[in-house]
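None of these values were measured; they are calculated from a predicted model. The first residue of the sequence shown is numbered 1, and numbering continues consecutively from there.
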Amino acid sequence: MPGYSPGMPTAAFSAVERAAAALARRRRARLLHPVGRTFTAEVTIWGTPGPPTGVPLLDQPGRWPATARLSKGVPTPGSWPDVLGLAVRLHRDPEPPVDLLVSSSAAAPVLRNLPLPRRRFTGTYSSIMSFRAGERRLFLAALADPDSAELGRSLAEVSAAVGAGAPWLVLAVASAVGPWRPVGQVCLAAQRGAREDAALAFDPVGNAPPGLRMRGLLGWLRDATYRGSRRARGASTQSGGSLGVTV
């Protein structure tokens, strides 16, 4: 049975996956964050300042072409508050892609694991759930940079901001209680079309950076939910986000 956590019941995993697929089919869109904008992007990793995390992708400098998607979770109309999302796919050919998914949250350690509705797309996004790197718990984040252009309060304003320049967000990592440590940035470029946005499918569990893994009930539920949503759309864990035209 697919599913990243062998300790969880197979029947329960299948039930959650089927329920997620049914809801996605009823919505005729992604179950989570159905409305968004997709952009070509570039991810630059500077390396981890201070003690290494033990995750090569974060610790070692590198640069990759990427696909990024900014989205609204519910979605609410226009610039109404919502749980905002940023998903980034690193294209590492010939290696498998890496997907980084973060949601609007607070920056403080005690609040970084809580989704936080807000109006502005410029702000703090965190992985909400922690990863395990060996025996350590790590959170990933995308943080606002005061030197970058403002992304605005709506998806239309995000598109306009990207069209007017090349805004970026800072990628960071932190322990469960430690401060954010900047490790790189994701720079947004040209907007992709609606068909490409619809075809894109992320996998925050299976496509996690090598060396990071999710544990626990929330990670198990996330895995089952994303699988069900992809199943309803006929999408695979690597659908969309190619460097060419997606069909």
Discussion item. Within the 4.5 Å heavy-atom criterion, are P210 and V98 side-chain neighbours or not?
Written reply: yes

Fill in: Nearest-0.5 Å distance, CG of residue L70 to CG of residue L169
7.0 Å

Worksheet item: Are any of the side-chain heavy atoms of T44 and W46 separated by less than 4.5 Å?
Response: yes

Practice prompt. Decide yes or no for K72 and F121: does some side-chain heavy atom of the first lie under 4.5 Å from some side-chain heavy atom of the second?
Written response: yes

Worksheet item: If you measure only the distance, is there a donor-acceptor pair under 3.5 Å linking the side chains of S159 and Q191?
Response: yes

Item to complete: Please tell me if the side chains of L100 and V43 come closer than 4.5 Å, counting only heavy atoms from C-beta onward.
Response: no

Worksheet item: Between the side chain of D59 and the main-chain N/O of G54, is any donor-acceptor distance below 3.5 Å?
Response: yes

Worksheet item: Is V83 reachable from V88 through a run of hydrophobic residues whose side-chain heavy atoms are each under 4.5 Å from the next?
Response: no

Fill in: Minimal non-hydrogen separation, D82 against P75, with atom names
OD2-CA, 3.2 Å

Worksheet item: Under 4.5 Å between side-chain heavy atoms, hopping through other hydrophobics if needed: is there a path connecting V170 to Y125?
Response: no

Worksheet item: Do the non-hydrogen side-chain atoms of V205 and D203 ever get within less than 4.5 Å of each other?
Response: yes

Worksheet item: Quick one: do L212 and L90 end up in the same hydrophobic cluster if we chain Ile, Leu, Val, Met, Phe, Trp and Tyr together by side-chain heavy atoms under 4.5 Å apart?
Response: yes

Worksheet item: Roughly how far apart are L101 CG and S127 OG, rounded to 0.5 Å?
Response: 10.0 Å

Worksheet item: So, do R118 and L84 sit near enough that their side-chain heavy atoms are less than 4.5 Å apart?
Response: yes

Worksheet item: To the nearest 0.5 Å, what is the distance between CZ (R119) and OG (S154)?
Response: 11.5 Å

Worksheet item: Does CZ in R63 sit with more than 12 non-hydrogen atoms of other residues, nucleotides or ligands closer than 6.0 Å?
Response: no

Worksheet item: Is V186 reachable from V173 through a run of I, L, V, M, F, W or Y residues, each pair having side-chain heavy atoms under 4.5 Å apart?
Response: yes

Worksheet item: Charged N to carboxylate O under 4.0 angstrom, D197 versus R192?
Response: no

Worksheet item: Side-chain contact, heavy-atom cut-off 4.5 Å: D147 with W168?
Response: yes

Item to complete: Examine L116 and F139 and state if one hydrophobic cluster contains both, with Ile, Leu, Val, Met, Phe, Trp and Tyr joined whenever side-chain heavy atoms are less than 4.5 Å apart.
Response: no

Worksheet entry | R132 side chain near R137 side chain, heavy-atom distance below 4.5 Å | yes

Discussion item. Can you list everything that forms a side-chain contact (heavy atoms from CB on, under 4.5 Å) with S105? Sequence neighbours excluded, please.
Written reply: T124, S126, I128

